[in-house]
Structures are given as structure tokens and as C-alpha cells.
Protein chains: 2
Amino acid sequence: MISSVIFYLLKKGAHREPVRITTGEVAEQTGVSQQTASRKLISLERDGLITRVGGKVVVTEKAIGEARKLLREVLDSLEGTSLVFNGKIVAGIGEGAFFVKQKKYMQGFDKLLCFKPFPGTLNVSIGENDIEKRLQLREQKAIIINGFKDGKRTFGKIASYRCAINGIPAAVIFPEMSVHGLQVLEIIAPYNLRKKLSLSDGSEVKVEVTANIPC
Amino acid sequence: MISSVIFYLLKKGAHREPVRITTGEVAEQTGVSQQTASRKLISLERDGLITRVGGKVVVTEKAIGEARKLLREVLDSLEGTSLVFNGKIVAGIGEGAFFVKQKKYMQGFDKLLCFKPFPGTLNVSIGENDIEKRLQLREQKAIIINGFKDGKRTFGKIASYRCAINGIPAAVIFPEMSVHGLQVLEIIAPYNLRKKLSLSDGSEVKVEVTANIPC
DNA sequence: ATTACTAATTCACGAGTAA
DNA sequence: TTTACTCGTGAATTAGTAA
């Protein structure tokens with residue numbers, strides 16, 4: 001478990017190289033006695049979170065990974081995450097509109113994204129370089145629009161994130177059962193974006209996705 | 001003191017609005033009993049880190065500030081901080097060269113920045129918009145080159161950060177007793193940057209400063 | 001100087017439970 | 001349901017100290 005002792009060691013740069021750190025110093029900085037600091041370092045070492053050689057301390061990869069994950073999660077929630085994609089408009093097959101129009105989805109969008117989308121999706125093909133960012137995005141906490149059943153057909157849930165396309169508020173959606181691969185972002189907005197932004201197939205657009213930010 | 005309970009609350013977005021969070025939930029997520037979670041929330045409330053109204057929890061500004069500070073510090077150390085300045089070359093008064101040439105400083109640069117600088121400084125005037133970033137930079141942990149006394153004269157310490165100017169490794173220095181204001185960044189590098197980058201007064205350059213990153 | 005053991009102590013914990 | 005009280009227990013902490 002990542003403790004304040006690990007945070008202190010990381011602040012000291014003990015993840016890059018062995019750093020001379022005494023138990024007394026840790027004690028003072030984390031508000032415990034020297035003996036407790038000693039015990040904590042021993043137990044961190046036993047748990048494989050640090051290694052010690054000759055009074056110098058190194059934080060292990062394991063601990064670095066855990067710490068980074070925790071910090072990222074909290075900081076993303078605290079400050080939001082912004083990812084910018086550059087892409088080009090590509091033609092859809094009209095399938096998007098059918099899904100977006102579904103009443104239950106509409107209700108979900110209105111409630112969770114705070115707008116009623118225009119019945120249609122704008123497909124943006126992102127560059128090779130942005131695929132990595134796309135994967136990063138999917139690690140962010142999404143706004144989930146629940147799926148539902150409609151007699152014969154099942155409509156899966158939709159993960160979404162608020163975004164701005166060329167500065168206009170919108171949302172990027174990742175339907176559970178998407179027909180699109182990693183290359184295409186599906187965008188919905190309160191209006192017909194093609195008209196509003198005068199877009200046609202091949203137009204270049206900038207999509208700035210902001211995760212972990214409220215309406 | 002910022003605890004894992006605060007982190008959990010922040011992940012839940014309890015810094016933006018009151019969030020319904022039960023003691024049982026906190027207990028489960030932080031690996032303690034419901035009773036302990038209850039006690040911890042009570043003590044957080046007593047310490048003014050959270051407030052509770054009708055089962056909903058909000059994290060106070062005080063706690064948010066502390067958490068942000070801690071997270072930033074650790075994350076900066078872990079991942080380094082990168083700040084990009086755009087600026088223009090301006091003429092110096094030759095004073096920089098005199099200081100940089102001092103043997104003691106030279107030794108310090110070589111040891112801490114891992115290069116022997118060309119005896120001269122390149123002055124980059126940054127835009128209005130970048131002043132804020134400059135202040136941000138000075139909050140980062142600097143590489144400190146110690147000052148010294150030379151009989152009559154006192155040479156103050158120099159704070160420095162590694163950087164890349166138009167992609168070339170260099171360092172930006174902030175002498176304790178600088179003649180420059182907030183507008184000008186002083187750059188040193190292993191070579192004559194004016195020649196190497198074919199710069200003249202007024203040339204536009206990009207300076208990417210990377211703090212908290214080793215040589 | 002620093003580390004970490006043992007012994008004494010405390011105070012944090014979970015169980016049980018009332019509201 | 002959830003919260004938070006009391007109480008008994010022991011794990012975690014500090015003091016003292018040896019190495």
C-alpha cells in the first residue's frame with residue numbers, strides 16, 4: 001500500500017537513483033518517531049516497495065507504478081484531463097443517427113451530458129499518432145449512458161466524454177457495440193455539426209476531450 | 001493530514017459537489033471496518049477537511065489545496081515538469097559571460113548540469129503570456145549552483161533548470177543577483193548558441209524547460 | 001552519527017449494538 | 001437501511017538502549 005513515506009521518498013527522487021535517507025529524516029518529515037520510521041522502512045522493504053543498500057534507498061518499479069496510478073487517478077479527478085485530437089471528417093453509414101435517436105439514449109444524454117443531441121453522429125478519423133491518446137482517453141472515467149432492451153433488440157451501454165470540436169461543446173461517444181475501430185471518434189452535439197461548422201468529408205477538425213469535468 | 005480516505009473522496013468527485021458516500025463504502029474501498037471509516041470521517045470533519053450534510057460529503061477547499069500540493073509535488077518529481085516558452089533573442093550587455101566564466105561556477109555547472117557552458121549567455125525575451133509560466137517554473141525544484149566569495153566580490157548562487165532551446169540541450173539560469181526582470185530568460189549551453197542555431201537579435205526560439213529530470 | 005531491537009504504552013481497531 | 005456509540009483487545013507506536 002502506498003503510504004506517505006513512499007511519497008516522501010519519491011519527492012526526494014529515490015525512484016531515479018539510490019538516495020541517502022535516514023530513518024530520523026523520514027520520521028521528522030512524516031510526523032512519527034525515528035523508531036516507527038525505521039519499522040516502516042523495514043516493512044516497505046519486506047513488501048518489495050523499496051530496496052536499501054548501505055543507507056541509500058531506492059523505490060522499486062512496483063511502488064512507482066502503484067504510486068503513479070494513484071496520483072494520476074486522483075489528480076485527473078481533481079484537475080480534469082484534457083486530450084487534443086486532430087482529425088478529418090469521414091462519412092458515416094447513417095447507423096449513428098439510428099442509435100442516437102433512441103428515446104432511452106436521448107434521455108441518458110440529456111441527463112448525463114446535459115444536452116439533447118442532434119440525431120446523427122459526426123465521424124472523425126484521427127491520425128496514427130493520436131491512437132495512443134485514444135487509448136489513454138479510454139482509461140479515463142467515462143460518463144456511462146446505460147443500455148436497454150427493446151423487445152427483440154439489445155442496445156448496449158455507451159461510454160462518453162465531454163469535448164469541444166473546433167471550440168464547440170459536444171461529446172465523443174464510445175458505444176459498447178461500435179462498428180468503428182480505434183481510428184474513428186464518434187461525436188454528438190446539440191446541433192448538426194456539419195452545418196454549424198460548415199464541415200464536409202475531409203475537413204480538418206480539432207477535438208479537445210475533457211474527462212473528469214462536470215457539465 | 002491527507003489520507004487515503006481523502007483520495008477516495010476526491011476520486012468520487014466530492015470536491016465539486018456533495019456526494020452521497022456511506023461509511024460502509026469508504027470502509028470497503030480503503031480496507032478498514034465500517035466503524036473505523038465512520039471514525040475517520042468524523043475526525044476529518046473535525047479537522048475541517050470535509051463537511052457533511054445529510055449523508056453527503058464535500059471535501060473542503062483546505063483539503064483540496066493540501067491534496068493538490070502534495071500530488072503535484074510528488075507527480076512533478078515522478079514525471080518531471082515541462083514548460084514551453086516562446087520568445088525572441090535580445091542583446092545582452094556582456095555581463096553574463098563574465099559571470100559564467102568564473103571557475104567556481106564552471107565547476108558547478110559541469111558537476112550539476114553535466115556540461116561546461118560556453119562563456120556567454122543567450123537572453124530570450126518571453127511574451128506577456130508566458131510570464132505566468134515563468135512564475136510556475138520558479139516554484140519547481142531548481143538545480144542550485146552554489147555561490148562563493150572572491151576576495152572583494154561576492155558571487156551569489158544560481159538556480160538553474162535543464163532545458164532545450166530549439167531542440168538543443170541547454171539550461172536556463174536564474175542568478176540570485178540578476179540584472180534581468182521577469183521578461184528575460186538567460187540560457188547557457190555547451191556551445192555558442194547564436195552560431196550553432198544561427199540566431200540573431202529578434203530571432204524566434206522555443207525554450208522547453210524540463211524540471212525534476214536528471215541529466 | 002544511524003539503525004533497529006525489546007519492552008512498555010497507548011490508542012486505533014473491530015464487535016456489538018442503539019438510535 | 002446507515003451512523004456512531006461503548007468496550008475490550010491487540011496491533012502499532014514510542015522510549016530506552018545496544019550495536
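Excluded from the calculations below are hydrogen atoms, water molecules and symmetry mates; all remaining heavy atoms, backbone and side chain alike, are included. Quick note on labels: first sequence line is chain A, next is B, and so on, each numbered from 1. Please read these numbers as outputs of a predicted model, since none were measured by experiment.
Partner assigned to C/dA1 is none, using Watson-Crick or G-U wobble distances below 3.5 angstrom.
Distance B/Lys40 NZ to C/dC13 C1': 10 Å, rounded to the nearest Å. The CE-P distance, from A/Met1 to D/dA12, rounds to 14 Å in whole Å. Taking atom CD on A/Glu25 and atom C1' on C/dT3, their separation rounds to 14 Å, with Å as the unit. We find that CG of A/Leu41 is positioned 16 Å from C1' of C/dC5, with the value rounded to whole Å. Counting to the nearest Å, the P atom of C/dC13 and the CD atom of B/Gln34 are 13 Å from each other. We find that NZ of A/Lys56 is positioned 15 Å from P of C/dT2, with the value rounded to whole Å. Counting to the nearest Å, the C1' atom of D/dT1 and the CD1 atom of B/Ile21 are 18 Å from each other. The distance between atom CZ of B/Arg46 and atom P of C/dA12, rounded to the nearest whole Å, is 11 Å.
A donor-acceptor contact closer than 3.5 angstrom links the side chains of A/Glu208 and A/Ser82. A/Arg39 and A/Thr36 share a side-chain donor-acceptor pair at under 3.5 Å. Looking only at atom types and distance, the side chain of B/Thr81 has a donor-acceptor partner in the side chain of B/Gln140 under 3.5 Å away.
Of the listed nucleotides (D/dA4, C/dG14, D/dT14), C/dG14 has the atom at the smallest distance from the side chain of B/Val32. Across C/dA12, D/dT13, C/dT3, the shortest atom-to-atom separation from the side chain of A/Arg39 is found for D/dT13. Which of D/dC5, C/dT3, D/dT2 sits closest to the side chain of B/Ile42 comes down to D/dC5. Candidate nucleotides D/dA4, C/dG14, D/dT2 were compared by shortest atom distance to the side chain of B/Thr36, and C/dG14 ranks first.
For the pair A/Arg138 and A/Phe174, the cation-pi criterion (under 6.0 Å, within 45° of the ring axis) is fulfilled.
The closest side-chain heavy-atom distance from A/Ile168 to A/Tyr191 is below 4.5 Å.
Within 4.0 Å of B/Ser38, counting heavy atoms only, lies at least one base atom of the nucleic acid.
Within the structure, every side-chain polar atom (N or O) of A/Thr23 is placed at least 4.0 Å from both OP1 and OP2 of C/dT2. For C/dA4, one of the phosphate oxygens OP1 or OP2 lies less than 4.0 angstrom from a side-chain nitrogen or oxygen of A/Arg52.
With hydrogens and angles left out, the side chain of A/Gln35 and the base of D/dG16 share a donor-acceptor pair within 3.5 Å.
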